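Here is the naming used below: chain letters follow the sequence lines, and residue numbers restart at 1 for every chain. Fair warning: this is a prediction, and the values are worked out from it, not measured in the lab. Any value given below was found using the heavy atoms of this structure, including those in side chains, with hydrogens, waters and symmetry copies removed.
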Number of protein chains: 2
Amino acid sequence: MERIDLAVSTVIFALRPEPHRDLMTLRLPLVRRIREPYEGRWALPGGLLSPDRDLESSARATLVRTTGLTPRYLEQLYAFGGLDRSAVETGRVVSIVYWALVHADEVAQAIDSDNVEWFAVDDLPELAFDHRTIVDYAVWRLRNKMEYSRIAHGFLGETFTLAQLRQVHEAVRGSALDPANFRRQILASDAIEDTGRRLTGTSHRPPRLYRYNTAVQLADHGPLTPSKEQA
Amino acid sequence: MERIDLAVSTVIFALRPEPHRDLMTLRLPLVRRIREPYEGRWALPGGLLSPDRDLESSARATLVRTTGLTPRYLEQLYAFGGLDRSAVETGRVVSIVYWALVHADEVAQAIDSDNVEWFAVDDLPELAFDHRTIVDYAVWRLRNKMEYSRIAHGFLGETFTLAQLRQVHEAVRGSALDPANFRRQILASDAIEDTGRRLTGTSHRPPRLYRYNTAVQLADHGPLTPSKEQA
DNA sequence: ACAAAAGTGTTTGATCTACACCCATGG
DNA sequence: CCATGGGTGTAGATCAAACACTTTTGT
């Protein structure tokens, strides 16, 4: 009987400010393949599932090893198991793909290697395997989930201004938002709370600093909490 | 190196009219296990992934074999890969779970066996493995997706009345809906179109028959169409 | 004083909800 | 003509978009 290998890969998103643009760009790290098939092509970071790790911790372990990143937000995306995903000689691989968000500070600590490079999602190179399909799906999920959950948190630090939060939404959407209406919507949703402090040194009126309201639990992935999922 | 088995299982939903209740009940078929571990317990229909099938066709094949069903709606739910999902002696299993909708006519054609039984989701027996967690998650996804997509179609035939469509929504929600407002919302969404025909023999005013508007494509699972998914 | 972003108010239109009411058919 | 569900109308509440306006800081 032929073997079916099980791999775990991750699509990692980060935002980077652009010098000559008003919106930040959505970027993701890719790893250059050093083996056939697709040697030299860019691919998602990932690796085979080891028998002593569950899926999520396998994703985390690979991320630390290949990119040096430890995302604060990590969620399962989809399992890809088509027959023609890999080259014939390699054998069949089923990939369970996760997606992750990291904030800018974490990116700075990431590994700087010739074999890891960050690309803008709107300007990707040719990818190995079906990884382009996977990335497209992950981008779609990110944009979608942005609208009804609070994952923007994954791109931000502990405290942040409303403008920063709005810029995250704008970057992911790819278009601007009305600051006044954005403020009202977010505040009305009870997703964030005022810290009482303000950000100073801004050359204009100092904005309030907010933090995420951990008391409010949005049911964005149902009865599957990280702990229960492992059971 | 230890072996990791890959299984594919499915949570199948159907609706059944109840004689002494206004709402239909949401039901799913379970299979009695004939082997350890959990011998005698009820479990989701499923089986090991065979090397010559992709994930979705593996799910379909198992469904035909164990329950005789060929669902019109089938979508991937989640991959479960915790370390303690199975008993120690059995070895580790990663399950890729699908969920499916069948309509009442199909249920009638289903296999009638001692080892397959339909249960109301609100009245489940003790299940094998972590299948209870899986079912809870599937129910949550069904209820959720009902609100923003057109999956109710999966419970209905080619044509249907607005009352039938409403009853599907009510059964899944578990509560009644205002017929007048429901009508307006559905019609405004362009999800269905009038066939011009009516349902007769009803002892009251004959309702129009509608069909789903195939021209309208709702982006409910993004760039992952069934064909692309296999690539 | 001025620029620039923070933050507030207001108008308008769309959409949801509840519920009254008319319509068409079988008995 | 009556019961029953099909189907329409409408007033009030809620919510989102657009945009004018006021506030508070650094320079």
Enquirer: When you look at N144(B) and R141(B), which way does the side-chain hydrogen bond (donor to acceptor under 3.5 Å, both in side chains) test go after all the steps?
Expert: CA-CA 5 Å; N144(B) 218 255; R141(B) 263 276 271 278; over 6 Å; no
Enquirer: Give the residues of residues 15-26 of chain A touching DNA chain D, defined as any heavy atom closer than 4.0 Å, sorted by residue number.
Expert: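 Those residues: none at all.
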Enquirer: Answer with yes or no whether R205(A) presents, from its side chain, a donor or acceptor under 3.5 Å of a partner atom in the base of dA6(C).
Expert: yes
Enquirer: Who passes side chain to side chain donor-acceptor pair (under 3.5 Å) against T200(B), sequence neighbours left out?
Expert: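 For T200(B), no residue satisfies side chain to side chain donor-acceptor pair (under 3.5 Å) once neighbours in sequence are set aside.
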Enquirer: Send over the distance from R166(A) CZ to dG7(C) C1', rounded to a whole Å.
Expert: 12 Å
Enquirer: Any side-chain heavy atom of V168(B) sitting closer than 4.5 Å to one from Q164(B)?
Expert: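 Counting from C-beta outward, V168(B) and Q164(B) never come under 4.5 Å.
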Enquirer: First and last nucleotide of DNA chain D touching chain B, 5' to 3', heavy-atom cut-off 4.0 Å?
Expert: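 So the outermost contacting nucleotides come out as dT4(D) to dT10(D).
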Enquirer: Would you say that L28(B) contacts F13(B) through its side chain, given a criterion of any heavy-atom pair below 4.5 Å between the two side chains?
Expert: yes
Enquirer: Does S113(B) reach the main-chain N or O of N115(B) with its side chain, forming a donor-acceptor pair under 3.5 Å?
Expert: yes
Enquirer: Between E158(B) and R211(B), does at least one N-O distance fall below 4.0 Å, as a salt bridge requires?
Expert: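 No, E158(B) and R211(B) are not salt-bridged.
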Enquirer: Heavy-atom distance under 4.5 Å between the side chains of L26(B) and L142(B), does that happen here?
Expert: yes
Enquirer: Residues in salt bridge (Lys or Arg N to Asp or Glu O under 4.0 Å) with R198(A), at least two apart?
Expert: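 R198(A): no salt bridge (Lys or Arg N to Asp or Glu O under 4.0 Å) contacts found.
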Enquirer: Can you check the Y210(A) OH to dA6(C) P distance for me, whole Å?
Expert: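 In whole Å, dA6(C) P and Y210(A) OH are 11 Å from each other.
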Enquirer: Toward the 5' end of DNA chain C, which comes first, A163(A) or S203(A), by nearest nucleotide?
Expert: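 That would be S203(A).
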Enquirer: State which residues pass salt bridge (Lys or Arg N to Asp or Glu O under 4.0 Å) with R32(B); sequence neighbours excluded, sorted by chain then number.
Expert: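 R32(B) satisfies salt bridge (Lys or Arg N to Asp or Glu O under 4.0 Å) with no residue once adjacent residues are dropped.
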Enquirer: Do Y73(B) and F155(B) have their ring centres less than 6.0 Å from each other?
Expert: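 Ring-ring flag for Y73(B)/F155(B): false, centres at least 6.0 Å apart.
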Enquirer: For DNA chain C, determine which residues of residues 178-185 of chain B have any heavy atom closer than 4.0 angstrom to one of its atoms, and list them numerically.
Expert: D178(B), A180(B), N181(B), R184(B), Q185(B)
